[in-house]
Chemist: 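Could you have a look at this structure, given as structure tokens, before my questions?
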Amino acid sequence: MKKGEICEGIVEQVKFPNKGWVRLLPVVKELTEESLHTAAEENMAPASGAFAEAAKAEYVMVKNVIPGQKLSIRITKVRKGKGEGRVLRLLAPSPDEVKAPCPHFGSCGGCLYLSLPYEKQLALKEAQVRELLEEVLAGQETPWMFEPIKPSPRPYAYRNKMEFSFGDEVKDGPLSLGLHKRGGFYDIVAVTGCQIVDEDYRRILQGTLSYFREKEISYFHRLSHVGYLRHLLVRKASLTGELLIALVTTSQIDAQKEGALLEGFAVMLEGLELEGKIAGILHIRNDSVADVVKSDETRILRGKDFFYEELLGLRFRISVFSFFQTNSYGAQVLYQTARDYIGDLEKKDCVVYDLYSGTGTIAQMMAPAAGKVIGVEIVEEAVEAARKNAEENGLSNCEFIAGDVLKVLDEIEEKPDFIILDPPRDGIHPKALQKIIRYGVERMIYISCKPTSLARDLEAFLANGYRVERACCVDMFPWTGNVETVCLISR
């Protein structure tokens, strides 16, 4: 195996989140007297005029593939006998593959498993997480239960939030609006047929793209930092169907021209035939160099800057930047699973920590069964939203603190009886993890959106006298490589 070499292989396994292990097929040569002699010596059985020369299988890691595919691969890196490659051509599909329902599949970087039946995708994700946890828990003396993955109640049109980017699909091409190309940073695919959102998103995207193309407005170039259009944010409440639409731009335009342009944009949106109702249209100004969605200034063009969403009997106020699970239907399954794992709290006056609490969804879910719930979240806007949501839900025993978990834990006087962990993708800071372990609580719930981070953190729990009782995956992100995992840990 050499760098630059072109090989053929079969995808035997895909590990989380998208790492395919491809077994390279041995080189096939015509039979000669010498090759027959070699085959006999190596006890290899030639068949149909050819024989496999290599006795030892070699594997290459290739991203964004599906088990069972036969591929042509170029080796891009070889280090310590391990190879990495990229796909040149699909030679034969997986036996499990079906025709993807989205016209952008393969070029758009959003979905990975859209050409698999949903049941096959669920089985793949479940196997990936099971393997990660089994490696960590191999030394655990007590048995643990890994339960079947729970599907999203709605595998298509499930997202309640999308951030579309302005750009071009090819260099110096016409204006585009959509998602980044797979493996690319600059090229944008206009995902007018995206299947993980409903028809309202597609109509808003198409209407916005047509409007600004007609006006010949430039997009913000990520290299030159010149241009006007940056992003389009769309949120939709699953219960009420209300929509928030926000256009993100720079200030690189004449003020008078901008006023007329934004008024025309709002009028265009109001004229679209939508199933939902527009709650608000916003203009967000962002002059930062970084390619992130943030606000230097936000102005309401129409309506209001929030709507309400409901989960498990609780009501949540959602703004454009509110952290909220992007799959409301799956979130109900996720939080109900967490609630079932928690069960009945032993003490009615117990103190519950909800660490990395976001907008306080889990904290408010626990409040009726606890004496006090303390949520800690580093994003101040999320904390403010959590406080407002708790007030609107009539929950007076919730306290939300803005700050880094690592530092805030030293400032809280009340000690926890139960801890809920829902950290970001990178997991828990090692020093914060040790502080959490030192509380010595009997049980904890760990909700993870990245099972590799969960597996790493579980090693620390096991080394400090904890064990895993139950674990379960919830498919919050159908067709992508991501999955949520709920884990019950006890001392």
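For the numbers below, each heavy atom of this structure counts, side chains included, while hydrogens, waters and symmetry mates do not. In what follows, residues are counted from 1 in the order of the sequence shown.
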Chemist: Please tell me whether S152 and N327 have a donor and an acceptor in their side chains that are separated by less than 3.5 angstrom.
Modeler: yes

Chemist: Please find out if less than 6.0 Å separates the ring center of Y353 from that of Y439.
Modeler: yes

Chemist: Can you tell me which residue among L282, L262, I284 is in a side-chain contact (heavy atoms from CB on, under 4.5 Å) with L247?
Modeler: L262

Chemist: Which value, rounded to the nearest 0.5 Å, describes the distance between E309 atom CD and T359 atom OG1?
Modeler: 11.0 Å

Chemist: We want to know whether E242 and Y308 form a side-chain donor-acceptor pair, criterion being a heavy-atom distance below 3.5 angstrom.
Modeler: no

Chemist: Counting only heavy atoms not in E273 (residues, nucleotides, ligands), do more than 12 fall under 6.0 Å from its CD?
Modeler: no

Chemist: So with a 6.0 Å cut-off around CD of E310, is the heavy-atom count from everything else above 12?
Modeler: yes

Chemist: Give a yes/no verdict on a cation-pi contact between R154 and Y329, requiring under 6.0 Å between NZ or CZ and the six-membered ring centre and an angle within 45° of the axis.
Modeler: yes

Chemist: With a 4.0 Å cut-off, would you call K388 and E391 a salt bridge?
Modeler: no

Chemist: Mark yes when over 12 heavy atoms from residues, nucleotides or ligands other than K435 sit less than 6.0 Å from its NZ; otherwise mark no.
Modeler: yes

Chemist: Do D422 and Y446 get their side chains close enough for a donor-acceptor pair, meaning under 3.5 Å?
Modeler: no

Chemist: Are F105 and W479, when compared by the centres of their aromatic rings, separated by less than 6.0 Å?
Modeler: no

Chemist: Measure across G427 and D457 and return the closest heavy-atom pair with its distance rounded to 0.1 Å.
Modeler: CA-OD2, 3.8 Å

Chemist: Check the pair L116 / I66 against side-chain contact (heavy atoms from CB on, under 4.5 Å), numbers first and verdict last.
Modeler: CA-CA 8 Å; L116 282 178; I66 291 173; 3.8 Å; yes

Chemist: Are F265 and F212 an aromatic pair by the rule of ring centers under 6.0 Å?
Modeler: yes

Chemist: If you count every heavy atom of other residues, nucleotides or ligands that lies below 6.0 Å from K407 atom NZ, does the total exceed 12?
Modeler: no

Chemist: With sequence neighbours left out, write down each residue that passes side-chain hydrogen bond (donor to acceptor under 3.5 Å, both in side chains) with H283, or none if nothing qualifies.
Modeler: T249

Chemist: Can you tell me if K257 has over 12 outside heavy atoms packed within less than 6.0 Å of its NZ?
Modeler: no

Chemist: With heavy-atom distances below 4.5 Å as the criterion, would you say the side chains of V234 and L244 are in contact?
Modeler: no

Chemist: Under 3.5 Å, is there a donor-acceptor pair linking the side chains of D287 and S251?
Modeler: yes

Chemist: Mark yes when over 12 heavy atoms from residues, nucleotides or ligands other than W21 sit less than 6.0 Å from its CH2; otherwise mark no.
Modeler: no

Chemist: Distance check, rounded to the nearest 0.5 Å: I188 atom CD1 versus D168 atom CG?
Modeler: 8.0 Å

Chemist: Can you see whether N160 engages S328 through a side-chain donor-acceptor pair at a distance of less than 3.5 angstrom?
Modeler: yes

Chemist: Answer with yes or no whether the side chains of T337 and K150 bring together a donor and an acceptor at under 3.5 Å.
Modeler: yes

Chemist: Salt bridge (Lys or Arg N to Asp or Glu O under 4.0 Å) between R285 and D296: does it pass, once the steps are laid out?
Modeler: CA-CA 6 Å; R285 186 168 284 127; D296 295 336; over 6 Å; no

Chemist: Is there side-chain contact between L261 and I217, with at least one heavy-atom pair below 4.5 Å?
Modeler: yes

Chemist: For E377 and S357, what are the C-alpha separation, side-chain angles and deciding distance, and is it a side-chain hydrogen bond (donor to acceptor under 3.5 Å, both in side chains)?
Modeler: CA-CA 5 Å; E377 168 61 48; S357 55; 4.8 Å; no

Chemist: Please indicate whether E380 has more than 12 foreign heavy atoms, meaning atoms of other residues, nucleotides or ligands, lying under 6.0 Å from its CD.
Modeler: no

Chemist: Are side-chain N/O atoms of E147 and Y341 paired as donor and acceptor at under 3.5 Å?
Modeler: yes

